[in-house]
Asks: 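Starting off with a structure, shown below.
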Amino acid sequence: MQEAGVGSGAAVQAGTYQDGSGAASEVAELRAAILDKLTYFIGKHAENASDRDWFVATALAVRDRIVDRWTETRDRIWAHHTKRVYYLSLEFLIGRLLFDALNNLQLTDPVRVALAELGVDLDRMREVEPDAALGNGGLGRLAACFMDSMATLSIAAHGYGIRYDHGLFRQRIKDGWQLEYPEDWLSFGNPWEFPRPEIDYSIGFGGHVEAMARPDGTFRHVWHPGETIEAVAYDTPVPGWRGRHVNTLRLWSARAPDPLRLDAFNRGDHVGALTAQVRAEAISKILYPSDATPAGQELRLRQEYFFVSASMQDLIDRHLRQHDAIETLPERVAIQLNDTHPAIAIAEMMRLLVDIHHLEWEAAWTITTGVFSYTNHTLLPEALETWAVPLMERMLPRHMQIIYLINALHLDRLRKSGEVSDEMVRALSLIDEHSGRRVRMGHLAFVGSHKINGVSALHTDLMRVTVFRDLNGAYPGRIVNKTNGITFRRWLYQANPGLTRLIQEACGPGVVDRTADLKALEKVADDRAFQRRVAAVRRANKIHLGRIIAEQLGVKVDPDALFDVQIKRIHEYKRQLLNILETIAVYEEIRSQPTRDWIPRVKIFAGKAAASYHQAKLIIKLANDVAKVVNSDPTVRGLLKVAFLPNYNVSLAEAIIPAADVSEQISTAGMEASGTGNMKFALNGALTIGTLDGANVEIREHVGPENIFIFGLTAEEVEARRRRGIDATTVIAASPRLPEILDAMASGVFSPDEPGRYRGLVDSLRFHDYFMVTADFDSYYARQRDIYRLWRDKEVWWKASLLNTARMGWFSSDRAITEYAQEIWRVPLQPIG
Ligand SMILES: *Cc1c(COP(=O)(O)O)cnc(C)c1O
């Protein structure tokens with residue numbers, strides 16, 4: 001193993017774990033390849049190359065090695081007629097790709113050395129890669145982890161999505177408020193992608209449908225769109241672990257069929273000549289920053305249909321190039337819908353099969369339900385996607401006809417099969433008649449799929465009795481559970497090389513191939529010497545994060561303090577507010593009893609709020625206001641610090657998670673579908689304080705109830721309280737701390753410049769409190785005290801931490817994807833290790 005350039009005294013962040021790579025000849029070849037790219041692709045000398053030039057040169061040199069394996073993979077799939085998986089997602093939150101590629105190809109060490117010989121520091125250079133934020137949060141990150149696992153397990157898979165010019169907005173905090181700025185990840189080009197201008201499809205919108213009578217009295221339908229837009233493919237190779245198999249992420253970009261109207265241009269109308277192009281390209285211009293609420297805009301529906309239609313045409317083309325009969329599609333193809341955003345694919349598939357490939361309706365329907373399956377991600381009523389019928393009729397007239405027919409046949413079938421009340425028909429219908437007529441995309445996805453899955457055991461159970469209660473009764477057995485997972489390659493091996501080295505020492509180097517081997521850590525969990533080394537790695541990670549906090553916020557934090565972290569989208573159900581209330585409680589206590597032996601603590605927050613979500617933005621402001629007061633209060637003496645880090649994204653998560661002592665997973669029970677942040681933290685050895693919500697329930701089962709801090713109402717209790725009517729006033733009055741905390745907030749202790757700023761927020765807790773913040777506060781507060789007690793006993797603390805890492809193996813996305821492959825897609829896979 002090549003050690004030069006890594007150096008035994010290097011910071012914990014630098015260097016990799018053992019991956020069995022790094023011959024000297026390999027280094028020389030890479031150095032030559034990087035220099036070659038710098039010279040002939042970028043056109044620069046080493047002397048005047050910037051870090052960005054070096055990054056692009058390195059990425060291109062590494063990409064060449066991926067391409068060879070990519071072609072091999074394609075040939076193999078083609079030769080074996082392997083069944084393919086298509087993962088359709090409006091979001092892929094992939095983050096930076098350089099370390100994914102280096103690690104999966106075992107090239108990190110040799111590239112580090114090759115660059116060092118060229119005078120370039122890999123860790124510094126890595127920072128210039130833009131963070132590809134083509135997603136809002138968990139749903140998009142899941143798609144990215146799944147892409148990594150599908151390639152790792154040698155599944156013949158394609159990801160399909162949109163190549164947004166601008167990903168999720170860049171967040172800045174000014175005077176404590178969130179400001180949104182456009183994100184510009186493509187401004188210096190993207191070395192990972194291959195433009196495929198020759199792969200383009202026409203996507204129609206609007207217009208009318210012509211019904212043409214056939215001699216036998218049936219009708220053929222011809223859609224004459226009023227507008228046509230081109231979808232152009234951009235391919236990014238996705239190499240799996242050890243580079244055995246390379247899949248493709250194909251993202252679509254929108255173009256107008258004509259670059260400009262020459263007649264208008266020649267008339268002197270230079271702007272008008274471009275309007276059609278601008279309208280067309282708007283489709284792939286920007287990611288909607290709506291996390292849990294549908295954007296509702298027409299453009300959003302255009303985006304959904306645009307990428308779905310291109311993807312369906314593309315996969316049918318590929319199928320017909322290899323197999324002559326369209327009827328064999330279900331044997332060769334599985335299509336996964338990541339949430340309802342791509343659900344219009346069901347109607348589009350029917351349109352292509354019936355109108356274009358001239359299949360009978362029944363045959364087409366058998367194919368459609370044979371290929372599709374759908375993942376539900378939320379039970380929040382406001383996030384269940386629906387589209388107004390008049391909008392659908394105007395924009396997708398043929399699809400609306402098809403949806404009506406699907407609905408009629410679906411309801412007929414149910415009527416014939418037994419007693420169905422009018423009330424049940426209303427609940428089962430694809431059309432919601434309650435508030436204007438709207439198409440329920442979740443229902444469409446359900447009826448058109450052979451399997452529907454939830455993303456944690458609890459969420460799947462709730463799905464069966466809430467949103468899909470009646471559909472589950474009508475189609476029993478369709479709903480299955482697939483608890484989410486994360487790729488350990490990014491979230492442990494890359495993000496935390498120091499801990500990974502220790503794990504390899506204890507569990508053997510092969511642990512990176514077999515997550516089950518993590519269990520061997522249990523044997524050293526109470527070995528004091530080992531614990532100390534794990535603690536030293538954590539401390540180094542905290543120093544690294546401390547530097548980021550100092551740079552970003554000018555706040556100095558003590559690496560020996562307890563780092564208590566909540567990073568995720570800002571949402572009322574995720575209850576950052578509960579965490580802030582506890583922060584205020586601690587602050588008040590330190591002020592009233594300054595000489596007690598307080599445990600120094602740093603509360604770390606990060607997360608974006610949807611631009612239109614005022615309450616969430618106010619919570620960001622509150623966190624920053626509390627930070628300002630607490631951090632500058634001399635009586636606190638640094639015993640409590642609050643840091644809100646701006647612009648949460650994948651790269652920031654990679655820096656924060658390995659430095660966390662405590663992971664906050666405190667959503668109102670029944671509201672978080674799964675969570676994956678919870679898994680990343682526990683895997684890295686942070687102890688969770690959390691509710692029995694989403695995958696927290698299963699994390700508790702795996703790590704053991706003594707190694708996780710569970711508190712608060714259960715989903716059932718939340719439901720019961722809501723039915724009963726929430727009596728927050730009584731709850732608050734009975735709490736030993738809440739009245740004082742809420743009074744402080746309401747009276748402007750944290751907003752002296754605007755004393756009334758938080759009165760509305762406090763009133764919403766006092767009189768309504770839908771999210772049960774006050775109901776859960778006392779048990780949350782008590783659990784935080786348990787954490788303090790454990791922190792004082794370092795031996796027990798580190799044992800619990802190591803047991804968390806040891807027992808998190810099941811939460812690998814390799815496990816999740818294996819389950820999808822076997823039970824939903826029925827495709828072959830090749831396990832690693
Ligand atoms: C993992 C991840 C999420 C999801 O976090 P939750 O805590 O599960 O909501 C969101 N954003 C980023 C950048 C992530 O890496």
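Whatever order the structure lists ligands and atoms in, that order sets their numbers, starting from 1. Every value quoted in this text rests on a predicted model; they were computed, and no experiment measured them.
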Asks: For Arg172, does the CZ atom sit with more than 12 other heavy atoms under 6.0 Å from it, leaving out its own atoms?
Replies: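 No.
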Asks: Only one of Gln171, Gln552, Glu183 forms a side-chain contact (heavy atoms from CB on, under 4.5 Å) with Asn647, so which one is it?
Replies: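 Filter result, single survivor: Gln171.
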Asks: Which residue and non-hydrogen atom of the protein lie closest to atom 11 (N) of ligand 1, and at what distance in Å?
Replies: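 Answer for atom 11 (N) of ligand 1: Tyr648 CE2, 3.5 Å.
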Asks: Classify the angle between the aromatic ring planes of Phe468 and Tyr374 as parallel (below 30°), tilted (30 to 60°) or perpendicular (above 60°).
Replies: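 If you compare the ring of Phe468 with that of Tyr374, the planes turn out perpendicular.
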Asks: Can you check whether Gly677 has an N/O within less than 3.5 Å of an N/O in ligand 1?
Replies: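 Yes, since at least one N or O of Gly677 sits under 3.5 Å from an N or O of ligand 1.
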Asks: Counting from 1, what ligand 1 atoms have a heavy atom of Gly675 closer than 4.0 Å?
Replies: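 With Gly675 as reference, the close atoms of ligand 1 come out as 8 (O).
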Asks: What part of Phe681, side chain from CB on, backbone N/CA/C/O, both or neither, has a heavy atom under 4.0 Å from ligand 1?
Replies: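 No part of Phe681 comes within reach of ligand 1.
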Asks: So if I count the atoms of ligand 1 from 1 in the order they appear, which ones are less than 4.0 Å from some heavy atom of Val650?
Replies: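 Selected atoms, number and element: 13 (C).
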Asks: For ligand 1, note which part of Arg569 has a heavy atom under 4.0 Å away: side chain, backbone, both or neither.
Replies: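 Neither part.
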Asks: Could you check whether Glu127 pairs with Arg52 (Lys NZ or Arg NE/NH1/NH2 to Asp/Glu carboxylate O, under 4.0 Å)?
Replies: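 No, no charged N to carboxylate O under 4.0 Å.
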Asks: With heavy atoms only and a cut-off of under 4.0 Å, state how Leu652 meets ligand 1: side chain, backbone, both or neither.
Replies: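 None of Leu652 does.
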Asks: Only counting residues at least two apart or in another chain, list the ones meeting ring pair (Phe, Tyr, Trp, His ring centres under 6.0 Å) with Phe488.
Replies: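 Result, ring pair (Phe, Tyr, Trp, His ring centres under 6.0 Å) vs Phe488: none returned.
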Asks: Would you call Asp661-Lys542 a salt bridge at under 4.0 Å N-O?
Replies: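 Judged by the 4.0 Å cut-off on N to carboxylate O distance, Asp661 and Lys542 do form a salt bridge.
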Asks: Under a 4.0 Å N-O cut-off, is there an ion pair linking Asp165 with Lys285?
Replies: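 Salt bridge: yes.
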Asks: Determine whether the aromatic ring centres of Tyr770 and Tyr573 lie less than 6.0 Å apart.
Replies: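 No, they do not, as the ring centres are separated by 6.0 Å or more.
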Asks: Looking only at protein heavy atoms, which one is nearest to atom 9 (O) of ligand 1, and how far off is it?
Replies: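 Checked against all protein heavy atoms, atom 9 (O) of ligand 1 sits closest to Lys574 NZ, 2.8 Å.
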Asks: Which of the numbered atoms in ligand 1 are below 4.0 angstrom from a heavy atom of Trp491?
Replies: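 In order of numbering, the contacting atoms are 15 (O).
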Asks: So if I count the atoms of ligand 1 from 1 in the order they appear, which ones are less than 4.0 Å from some heavy atom of Thr676?
Replies: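 By the 4.0 Å cutoff, the relevant atoms are 1 (C), 4 (C), 8 (O).
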Asks: Check ligand 1 against Gly138 and write out every atom of the ligand that is under 4.0 Å from a heavy-atom position of the residue.
Replies: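 Within the 4.0 Å cut-off of Gly138, ligand 1 contributes 3 (C), 4 (C), 10 (C).
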Asks: Under a 4.0 angstrom heavy-atom cut-off, which atoms of ligand 1 come close to Gly137?
Replies: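 The atoms of ligand 1 under 4.0 Å from a heavy atom of Gly137 are 10 (C), 11 (N).
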Asks: Identify which of Lys680, Arg141, Lys568 has a heavy atom lying nearest to atom 2 (C) of ligand 1.
Replies: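 Of the listed residues, Lys680 has the closest heavy atom.
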Asks: Under a 3.5 Å threshold, yes or no: a donor from one side chain and an acceptor from the other, between Asn338 and Thr375?
Replies: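 Short answer, no.
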